[in-house]
Every structure is written in C-alpha cells, then in structure tokens.
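The shown structure was predicted, so the numbers you read here are calculated from the model rather than taken from an experiment. Lettering follows sequence order; numbering is per chain, from 1. Because only heavy atoms are used, hydrogens play no part in the values below, and waters and symmetry mates are left out as well, while side chains stay in.
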Amino acid sequence: MFYEDINDTAKDGEIPAAYSQDDEFDEDFQEELVQYKQQQQQQEVKIPPDVKKFISNFYKNLVEHNYHDFNSIYEYYYNKLTEQYYQKQRWPEAEVIAPLVNNDVLFLILYKELYYRHVYAKLTPIINDRFNSYLNYCDLFNYILAPEKPVDLELPNQWLWDIIDEFIYQFQSFCQYRSKVKSKNEIELKSLRERPDIWNVHNVLNVLYSLIQKSNINEQLLVTKNGGDMIEAAGEFGSKQLYKMLGYFSIIGLLRVHCLLGDYSLALKMMENVELHNGNIFLRVTACQVTTYYYVGFAYMMMRRYSDAIKVFTSIIHSINRTKNYKSLSYQYEATNKKSEQMYALLAICITLCPTGIDEETHSHMIEKYGEQLSKMQKGDLKVFEELFTYACPKFINPAVPNYDIMENTQMKPTLHQCKIFIEEINNQYLVPTIRSYLKLYKTLDIQKLGEFLDYDSIEKCKNQLILFKHKTYQRKWEGGDLMSGEYTQTTDIDFYLKQDMIHIKDSKKVSRVSDLYIKQINKLEDMITNIKK
Amino acid sequence: MTSNIPGRPKQINDIIETVERYDTEKIPLLHEYIDEQLANKVQYDSAANLAVLKLYQFNPDQINFKYISAILTKALTALPDPEFNLCLALLNLDICNDPTVSRLWELQKSLEQCRFKDFWVLLADEETKKIVSCCVGFEDSIREFISHTIENSFVTISKEEIGAYLNLSGNDLDEYSKGRNWVLNDNVYTLPVTKENEDKPKLVKENVKFELLTQIIGHANEI
C-alpha cells in the first residue's frame with residue numbers, strides 16, 4: 001500500500017441519473033440539521049424488539065463464524081426490517097446498539113457500513129455522514145488489508161459487491177457534492193478545507209489497487225485462462241473467498257472509476273485478464289454483470305468502436321431480459337432496470353452511427369423505447385444525440401479538490417465536457433446513415449446525383465462526405481484477446497469504392513449466423529441433462 | 001503486468017504499469033519521454049502520454065500547457081485511431097478553451113471530417129505552424145493518414161485532386177506517389193488494391209472461434 005488510509009462504504013446499484021442532478025444535496029443546511037436532529041430524537045425513543053433480535057442474531061452468527069446464515073440476514077431480514085421501520089428514518093446509531101453486541105469492533109464496522117448505505121439510499125446524507133462513512137470504510141479496509149494473515153470472515157458475494165459498489169458511489173457522490181461550492185455554508189466549507197484527505201481520489205484508487213494486489217486476482221484470472229497452478233497463483237489471501245471476490249470486484253470498480261474520470265483506455269486495460277465473452281463465474285452477481293457491461297460498452301463507444309459497443313450492449317440486454325421474470329423481487333431490480341434503459345439509449349446512438357443488424361427481440365424493444373429518437377438521429381438531429389447521451393452517460397467527476405474560494409457550482413462541468421467531445425465527434429459523421437440509405441439502392445451512382453439527393457451545391461462537398469463515410473466506418477473491432485485489442489475493419493453492411501466521380505457499390509452477401517444459436521442450445525441442453533441427473 | 005510498446009524504456013514501463021503512474025514525482029521523467037517521442041516520427045506511446053494528462057487531472061497545480069499541446073499534436077499523428085479524443089477526455093472545459101488547444105482541436109476536426117484541404121489552410125497559419133513544429137515529421141505523418149484514407153476510398157483519382165488533399169504538386173507529388181506505388185495514366189492515378197477498395201462482394205460471414213466450442217467438447221468428454 002502506498003497510502004496510509006483507506007476508506008469506504010457502498011450503495012448498491014448506483015445509477016447515474018443525469019436528469020436528477022442531486023438536487024437533494026442543495027437543500028438548505030439548516031433544514032438538514034433540523035431534520036437530522038429530529039431523526040435522532042425519534043430513534044432514542046426505542047429500538048423495536050425485532051430489530052434488537054435481528055442485531056443480536058447477526059452478531060451471534062458473526063462471532064461464531066456461522067457464515068451460512070449471512071445470506072438471509074443480508075438479503076432478507078435486513079431489507080424486511082428496513083421496509084418495516086426505517087423507510088423514512090435512520091437505523092439506530094452504532095453507539096446506541098453497541099451494548100447489544102459487546103462493543104464488537106468488526107460488527108460495528110459492518111453495521112455502520114449498512115447504516116450509512118441506508119442513509120445514502122433513503123435519506124439525505126449531511127456532511128458528517130459523508131465524512132464518517134468514509135472513515136468507516138477506512139476502518140473496514142484496514143481491517144481486511146492490514147493483517148499479515150487473512151482475516152477469518154466470509155460475506156456473501158452480493159454483499160461484497162455492494163460494499164465496493166457503494167464505496168465508489170459515495171466517492172462519486174462526494175466529488176459532486178464538494179463541487180457545489182456556491183451551495184455550501186461556512187461551516188461546511190471549513191470542514192472541507194480541513195480534511196482534503198476525505199474521499200481523496202488517491203485513497204480511493206489505493207483501496208481498489210490494494211485489494212487487487214492482495215488477492216492476486218490478476219494472477220488467478222491468468223491461470224483460469226491459460227492453465228497453471230491455481231493454489232500457487234492465488235496465494236494465502238487470494239484463495240479465501242473474501243479476498244478473491246473483493247479483488248475481482250475491485251477490477252470492475254476501477255473500470256468504473258476510470259470511466260468516471262474520462263480515462264477510457266485505462267478503464268478497458270483494467271479488464272485485460274477478464275474474459276468477458278466466454279462465460280465468467282464472477283458475473284453471477286447480476287449487479288456486477290450489469291455494471292461491467294455498461295462501462296465496457298460505454299468505453300468502447302467513447303473510443304469510437306461502435307460495433308464492439310453494440311455487441312456488449314446487446315449481449316447484456318439479452319441476458320437481463322432473460323432473467324427479468326424471476327429477479328423482479330430483488331431490491332437490485334430497480335437499479336438494473338434503470339441501467340438497462342440507459343443501455344437501450346446508448347445502443348440506439350451506436351446503431352445510428354454504425355447501422356448493424358441485431359437480434360429481433362432487442363431491436364423491437366429499442367424501437368419501442370426510442371423509435372422516435374432513432375429516426376430523428378438518423379436525420380442528423382444533434383439535439384437528440386445530446387439528450388440521449390446526457391441521460392445515459394455516467395455522472396462524470398472532477399477528481400481534484402475544487403477551489404473553495406470561488407463561489408461556483410461546477411458539478412456539471414465534467415459531464416458537459418464529455419458530452420461536448422462526443423457531440424463534436426458525432427457532428428463529423430451524422431450523415432453516414434443518410435448516405436448509406438441512398439447507396440443501398442444502387443450498384444453505381446454518379447457523385448453529381450448523390451449531390452442532388454443531399455441537396456449539396458458542390459461535388460467537392462459530396463466527395464468529402466463519401467471519404468468521411470469510409471473513414472468513420474473503418475473502426476477497430478475486437479476479434480479476440482483482451483478487450484483493448486482490435487483490428488481495423490469496415491463495419492457497415494454497405495461498402496463502396498470510388499472511380500474518380502463514379503461510386504461503385506459493392507455487392508453484399510449475408511450468411512446467416514447460426515453457430516451462436518447452436519452453441520447456446522447445445523450448452524442449454526447439457527445443463528438441462530445435468531440438472532435432471534441431480 | 002507486461003507491455004510490448006515498441007521503444008518504451010523499462011524505466012517508463014515500470015511507471016506506467018504500476019501505481020507509480022499516480023506519483024507526481026515521476027512527471028519530469030514522463031516529460032522527457034514525451035520529448036523523445038516528439039523527436040522520433042514513428043514513436044508514439046499513447047498510454048504514457050495519457051498517464052501524464054491523468055497526473056494533471058489529479059493535480060491541477062502540475063498542469064504544463066507546453067506538454068498538453070505536445071501530447072495533442074502527437075495524438076493527431078496517430079490517426080485514424082481517435083487518440084486525440086481520448087486525450088481531450090482527460091482535460092476539462094477550461095483547458096479546452098485555451099487558444100492553443102482550440103487551434104489543435106480545429107485541426108483535428110478538419111482531419112476527422114476529411115476536409116483535408118481545409119486542414120492545409122489551417123496549418124498555413126503561422127501560429128498553428130509554430131504549435132505543431134515541436135513534432136518532427138508532423139506533416140508526413142498526416143499525409144500518411146490522408147493517403148491511407150484516400151486509398152481506402154478510391155480506385156482511381158485525378159492527380160490534381162489528390163495533390164490538393166496532400167498539399168503536394170509537381171516533383172514532390174511525383175516522388176511521393178512513387179513511394180506509395182500509385183500508377184499515373186493521363187493525369188489519373190490508379191491506387192493499389194486494398195481490402196477496402198477492391199471490387200469484391202462484401203461477405204458478412206461468421207467464423208466460429210475454437211474457444212466457443214471448448215464447453216461442447218468438454219461435454220463430449222463426459223459421455
């Protein structure tokens with residue numbers, strides 16, 4: 001570790017809701033304080049008996065290392081009690097319940113992680129919550145990373161994912177929060193100035209890198225891919241489920257953080273040992289799978305690799321739709337749903353820029369949701385591109401500490417910047433679909449005539465568009481290996497060449513794709529046979 | 001982690017591939033490495049240059065406009081890869097309003113929009129010329145990109161036209177065309193056949209990768 005302290009907390013299934021812009025944080029500070037005090041008074045009243053029982057039971061399982069009940073504690077009882085008692089107020093403070101659990105340090109850390117996550121999800125965190133939650137994450141990760149021997153703790157995979165996910169969410173949220181300098185009062189600004197270490201980007205990255213290193217997860221992934229001795233590769237820490245999963249989730253975490261910072265190639269580089277396309281056991285945590293595909297797809301889109309982005313989006317949308325029916329009770333459902341809506345929007349953008357055939361079901365869903373926008377984008381309406389982009393992109397952040405002396409709210413600047421770059425890029429190529437639709441009709445076409453169709457006054461401009469068509473549809477495409485690699489290829493179904501002023505359109509023959517279908521069906525059948533045998 | 005970037009010294013590799021890439025004390029070394037790239041037409045290390053921009057992003061007090069413009073200039077020579085956009089994404093709105101950065105962005109747009117003639121007009125501006133002069137062989141690298149794009153699009157093209165795209169004429173153009181195997185006939189060049197401009201039906205076909213079948217073969221084993 002190269003930094004001393006480590007932080008964090010996590011909230012599940014964060015969603016970058018571009019339209020909502022965190023208005024809740026802008027509320028008057030005094031009002032928040034009053035609200036906070038009220039909440040505290042309320043909870044001093046009494047801890048309901050079933051909550052007491054829940055806490056004791058959770059504690060008992062923890063000290064007895066009785067981990068197999070954690071799944072139901074976490075996924076069922078905790079959510080049930082939240083729904084019953086804590087829809088609009090906080091769970092009891094850690095200090096209040098400490099006597100119930102013998103002041104157990106580890107228990108209180110885990111409890112506080114849930115406590116703050118709940119505040120972020122259901123209520124409005126005040127500055128103290130943000131600070132304390134960060135410090136609690138430091139305690140948690142120090143507890144896991146500092147000892148020389150692996151700690152004896154097991155948590156369900158979903159829980160571990162949620163911790164990493166929430167850690168990054170709160171970091172992102174804090175970056176947004178501190179950029180709103182104008183909306184801060186003196187006390188808040190003083191605290192922010194005094195503690196630049198809180199949610200510092202280096203500390204956040206340090207946690208994720210340290211977890212990856214401690215777990216030897218990259219070495220483990222390499223062994224999975226290329227063969228070798230797994231036990232040796234994993235080492236003492238990495239062979240424990242806790243470390244292995246946290247390591248893997250940290251890779252996905254870095255994918256996400258680097259995207260939020262606009263570093264798309266580094267984001268994909270984090271994934272260099274992860275097999276995305278050939279089945280991957282880590283992706284069994286749905287929220288992790290959705291996050292992974294969303295950010296990989298988004299990074300591809302920003303690297304102008306639309307055909308790769310399309311492939312990634314369609315594959316995850318397909319899988320979300322398949323599992324939709326029996327996941328609908330999970331509390332992650334809403335988050336997954338929102339992400340999937342956003343991915344449809346990104347898919348619509350990519351399909352416009354790189355017309356590609358996709359599977360029937362996804363296509364019809366996309367038309368249903370974004371049919372109108374699709375036809376507008378095909379006509380080159382940049383406003384619509386911008387709208388969809390702002391809706392579907394992650395909430396970008398500025399990692400540097402803002403200048404607290406300038407009374408200005410700058411939280412939207414990073415997103416506006418990324419949007420501007422993207423729109424300038426689109427601005428270069430929005431005629432591609434139009435030209436494609438004309439070329440589709442001909443075997444040869446005089447440039448003059450295309451000029452008339454496009455309402456252009458000069459052949460020169462028209463030729464310009466044709467060269468641009470070639471240039472923009474000539475993209476890198478993944479063929480195998482790590483996600484960054486790709487070979488240049490023409491990505492459209494319609495291709496042409498120019499003989500001086502005459503356009504020759506190439507014949508295009510489609511061979512229907514059947515191998516995927518057969519492979520899937522064979523594997524499905526085998527799974528069924530295995531299940532029946534059981 | 002290993003990496004095979006041609007020409008990347010081990011010392012730089014050890015920074016880029018580890019968490020040392022976040023250490024501001026490494027900035028001078030990375031700056032030196034950029035100078036090396038500027039002096040060598042074919043050397044370009046995207047990851048190392050992006051790492052510098054990321055250090056600026058995390059530490060605004062370290063921002064050095066000279067190197068921002070050097071990195072952006074070098075990124076233009078990497079076309080058709082959209083390196084320039086990847087660099088922009090690590091900057092911010094304020095930096096992009098800098099006059100030098102705006103000029104480079106204008107250059108990039110003219111190239112990305114294949115308005116090649118406009119590019120040469122922009123480049124004729126003394127200020128702009130000065131900005132890109134730090135990069136050895138800049139014009140040649142851009143010509144390389146333009147030629148490549150034209151070769152992908154055209155089978156035959158008039159001498160006058162391609163000369164305008166490349167900002168070359170007379171002897172210079174003759175020399176250049178020989179180097180790229182363009183054959184002149186009646187003032188019209190015939191360009192070499194590439195995968196993109198050949199007159200062959202475009203086959204959208206499927207390849208089945210062996211890896212996709214491993215699971216099935218695994219099943220067969222169980223029987």
Side-chain angles (χ1 to χ4, degrees), chain A residues 2 201-202 205-206 209 218 261-266 269 272 278-279 302-304 398-400 413-414 416-418 420-421 424-425 427-429 464-468 470-472 474 476 480 488 490 493-495 497-500 504 506-511 513-516 519 522-523 526, chain B residues 1 19-20 22-23 46-47 50-51 53-54 57-60 80-82 85-86 88-94 96 105 109 112-117 149-150 152-158 161 188 195-209 211-216 219 222:
Chain A
F2 65 112
V201 62
H202 288 109
L205 289 175
N206 184 38
Y209 278 110
N218 275 312
L261 296 169
D263 198 344
Y264 307 110
S265 59
L266 192 60
K269 187 165 164 46
E272 67 185 341
N278 304 337
M302 295 306 275
M303 297 174 89
R304 202 207 299 150
N398 173 12
K413 274 190 162 183
L416 289 174
H417 177 59
Q418 300 296 329
K420 189 174 169 203
I421 296 170
E424 287 291 354
E425 175 65 33
N427 198 4
N428 300 345
Q429 54 181 304
N464 198 213
Q465 281 299 335
L466 286 166
I467 302 171
L468 182 106
K470 275 286 200 178
H471 166 53
K472 293 296 181 183
Y474 185 63
R476 281 192 192 274
Y488 268 107
Q490 208 71 36
D493 47 354
I494 302 288
D495 200 3
Y497 56 90
L498 283 158
K499 274 188 176 167
Q500 290 177 269
H504 294 254
K506 297 187 195 176
D507 278 340
S508 127
K509 282 187 192 150
K510 240 190 195 157
V511 184
R513 295 185 63 93
V514 290
S515 66
D516 273 358
I519 291 169
I522 292 171
N523 286 331
E526 288 295 340
Chain B
M1 281 188 259
V19 286
E20 284 188 27
Y22 301 107
D23 182 355
S46 161
L50 290 172
L53 296 181
K54 197 168 188 114
Q57 186 190 37
F58 285 8
N59 312 280
D81 277 322
N85 278 349
L86 295 182
L88 287 182
L90 282 170
L91 303 176
N92 61 43
L93 283 176
D94 300 324
C96 287
W105 201 350
K109 283 184 218 165
E112 283 281 8
Q113 293 170 17
C114 303
R115 293 183 285 107
F116 301 134
K117 290 177 199 168
T149 309
I150 298 295
N152 277 349
S153 314
F154 288 83
V155 174
T156 55
I157 184 169
S158 77
E161 211 175 343
V188 172
K195 214 178 119 202
E196 313 309 326
N197 71 9
E198 68 183 339
D199 184 16
K200 226 171 138 183
K202 193 178 155 73
L203 267 185
V204 186
K205 59 179 179 187
E206 73 177 335
N207 294 317
V208 182
K209 290 248 180 278
E211 292 81 57
L212 289 175
L213 297 174
T214 47
Q215 216 182 341
I216 294 176
H219 291 316
E222 287 160 20

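For B:T156, the side chain to side chain contact (heavy atoms under 4.5 Å, CB included) criterion is met by A:K499, A:Q500, B:V188, B:T190, not counting sequence neighbours. A search for side chain to side chain contact (heavy atoms under 4.5 Å, CB included) contacts involving B:P82 returns A:R304, not counting sequence neighbours.
Closest non-hydrogen pair, A:L261 versus B:L90, comes out as O-CD2, 3.7 Å. Considering all non-hydrogen atoms of both residues, A:I467 and B:F116 come closest at CG2-CE1, 4.1 Å.
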Carefully, step by step, assess A:L205 and B:F58 under the rule side chain to side chain contact (heavy atoms under 4.5 Å, CB included). CA-CA 12 Å; A:L205 289 175; B:F58 285 8; 3.5 Å; yes
Report the C-alpha distance between A:K472 and B:E112 in whole Å, list the side-chain angles of each, state the deciding distance to 0.1 Å, and finish with yes or no for side chain to side chain contact (heavy atoms under 4.5 Å, CB included). CA-CA 8 Å; A:K472 293 296 181 183; B:E112 283 281 8; 2.6 Å; yes
Step by step, work out the side chain to side chain contact (heavy atoms under 4.5 Å, CB included) result for B:L86 and A:M303. CA-CA 7 Å; B:L86 295 182; A:M303 297 174 89; 3.8 Å; yes
Given the rule in the side chain to side chain contact (heavy atoms under 4.5 Å, CB included) test, do B:Y22 and A:V201 qualify, once you have shown the distances and angles that lead to the verdict? CA-CA 10 Å; B:Y22 301 107; A:V201 62; over 6 Å; no
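Using a 4.5 Å heavy-atom threshold, the side chains of B:L93 and A:L416 count as touching. Counting heavy atoms from C-beta on, the side chains of B:N59 and A:H202 come closer than 4.5 Å.
For a residue to count as touching a neighbouring chain, one of its non-hydrogen atoms must lie under 4.5 Å from one of that chain's; by this rule B:D94 touches chain A with the side chain only. Within the 4.5 angstrom heavy-atom criterion, only backbone atoms of B:I157 (N, CA, C, O) approach chain A.
With B:Q57 contributing its side chain and A:P399 its backbone, the two residues share no donor-acceptor pair below 3.5 Å.
No side-chain N or O of B:Q113 forms a donor-acceptor pair with one of A:H471 less than 3.5 Å apart. Looking at B:N85 and A:E425, their side chains do bring a donor and an acceptor atom within 3.5 Å of each other.
Taking B:L53, B:L50, B:D81, B:T149 one by one and counting their heavy-atom pairs under 4.5 Å with chain A, the maximum is reached by B:D81.
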